[in-house]
Amino acid sequence: EASVRIQDISAVTKVSIGSIYHHFGDRDGLIRATYVHNFSSAITEDIGRAKRWWQNIHNASEIAEHREEMEAFLNSHFSHQSPLERASIIGNSAGRPQLRENLAQVQHKLNDELTEVMQMLQERGVLRADLKPRAVAVMILGMLFGRVVAMLDNEPVGDHDWNQTLLAAFSGFFI
């Protein structure tokens, strides 16, 4: 980040310096926009994939029938962006209230999008009726983010074991 220079970005992208300043305000605005983009892109794409997948699920037995697909989805999710990278972006918001606010707006939107999926599942009788769809959505996103804990361990949990445990935890949400 310290080596980011607007002149270099302009030269590589062939976008004028004036245009960069017009769209991002200043160097920090450009850096902030990059962090926000990186923070949201993989999750946004995966929530879209999850919505399409869950639209075809109408009961709990169908969930069990697609367990291998769910594990493949998790493997794909973690290959798009490391939880460590997301943690780094969040860490960079310390002492930067505007970045923190931008990330909070993105996270709110992600929570809303996954809440829609959970509401649909609850209406179909797949998600437990005693659970609030938003709380489940936030918990699922938190569990995905929690992979960073395993990555930092000197004896990290492998992908297969992590995904099996994560799916077991997810199954507690469903009937």
Side-chain angles (χ1 to χ4, degrees), residues 1 34-94 96 99-175:
E1 180 180 330
T34 302
Y35 280 137
V36 169
H37 170 79
N38 291 346
F39 182 78
S40 67
S41 62
I43 297 289
T44 300
E45 180 182 321
D46 283 350
I47 287 175
R49 288 175 51 211
K51 277 183 180 180
R52 290 186 296 278
W53 190 80
W54 284 104
Q55 286 174 343
N56 297 317
I57 301 296
H58 295 85
N59 58 54
S61 65
E62 289 179 0
I63 294 173
E65 292 170 9
H66 296 280
R67 187 174 177 89
E68 287 181 18
E69 289 174 55
M70 291 171 66
E71 187 171 351
F73 176 84
L74 288 171
N75 284 329
S76 170
H77 169 76
F78 291 123
S79 71
H80 286 122
Q81 183 183 54
S82 160
L84 198 53
E85 183 180 343
R86 286 181 61 83
S88 175
I89 292 169
I90 292 169
N92 276 303
S93 72
R96 294 167 122 172
L99 176 58
R100 192 207 174 292
E101 177 57 32
N102 293 147
L103 294 178
Q105 290 170 1
V106 168
Q107 189 62 56
H108 182 77
K109 181 178 178 250
L110 296 172
N111 293 344
D112 284 349
E113 290 177 14
L114 195 54
T115 296
E116 288 177 23
V117 175
M118 295 302 113
Q119 286 171 331
M120 174 190 67
L121 293 174
Q122 198 167 55
E123 289 165 5
R124 292 180 181 176
V126 177
L127 179 67
R128 290 176 28 190
D130 63 319
L131 299 175
K132 301 282 188 213
R134 187 170 194 85
V136 173
V138 170
M139 178 62 75
I140 288 172
L141 290 171
M143 291 166 71
L144 290 171
F145 179 71
R147 181 76 170 106
V148 73
V149 173
M151 296 176 76
L152 291 174
D153 192 351
N154 288 333
E155 296 177 31
V157 174
D159 289 343
H160 177 74
D161 292 335
W162 173 267
N163 290 337
Q164 290 299 312
T165 304
L166 191 61
L167 289 174
F170 283 169
S171 70
F173 299 136
F174 304 105
I175 297 172

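Position 1 is the first residue of the sequence; numbering continues from there.
For the pair V36/I89, no side-chain contact is recorded, criterion being any heavy-atom separation below 4.5 Å from C-beta on. Side chains of E1 and N92 form a contact here, defined as non-hydrogen atoms less than 4.5 Å apart.
Not a single donor-acceptor pair under 3.5 Å links the side chain of T44 to the backbone N or O of S41. In this structure a side-chain-to-backbone donor-acceptor pair under 3.5 Å is missing from S76 to A72. R52 places a side-chain N or O within donor-acceptor distance of the main-chain N or O of G48, the cut-off being under 3.5 Å. When atom types are taken as modelled, the side chain of Q122 and the backbone of L131 share a donor-acceptor pair closer than 3.5 angstrom.
The minimum heavy-atom distance between S82 and M151, with the atom names listed, is OG-CE, 3.3 Å. When all heavy atoms of V148 and P83 are compared, the closest pair comes out as N-CB, 3.6 Å. For the residue pair S93 and L103, the shortest heavy atom distance occurs at CB-CD1, 3.9 Å.
The ring-ring contact (aromatic ring centres under 6.0 Å, His included) search around F173 returns none, not counting sequence neighbours.
The CD atom of Q119 sits 11.0 Å away from atom NZ of K132, with the distance rounded to the nearest 0.5 Å. Rounding to the nearest 0.5 Å places CZ of R86 at 4.0 Å from CD1 of I43.
Remark: the E71 side chain and the N75 side chain contain no N/O donor-acceptor pair separated by less than 3.5 Å. A side-chain donor-acceptor contact under 3.5 Å links Q105 and E101. In this model, a donor atom of one side chain and an acceptor atom of the other lie less than 3.5 Å apart for Q164 and R67.
For W54 and F170, the ring centers sit 6.0 Å or farther from each other.
Ionic pairing of K109 and D112 is not present here: no N-O contact between side-chain nitrogen and carboxylate oxygen is shorter than 4.0 angstrom.
A side-chain contact (heavy atoms from CB on, under 4.5 Å) with R147 is found for exactly one of N163, L152, D159, L84, namely D159.
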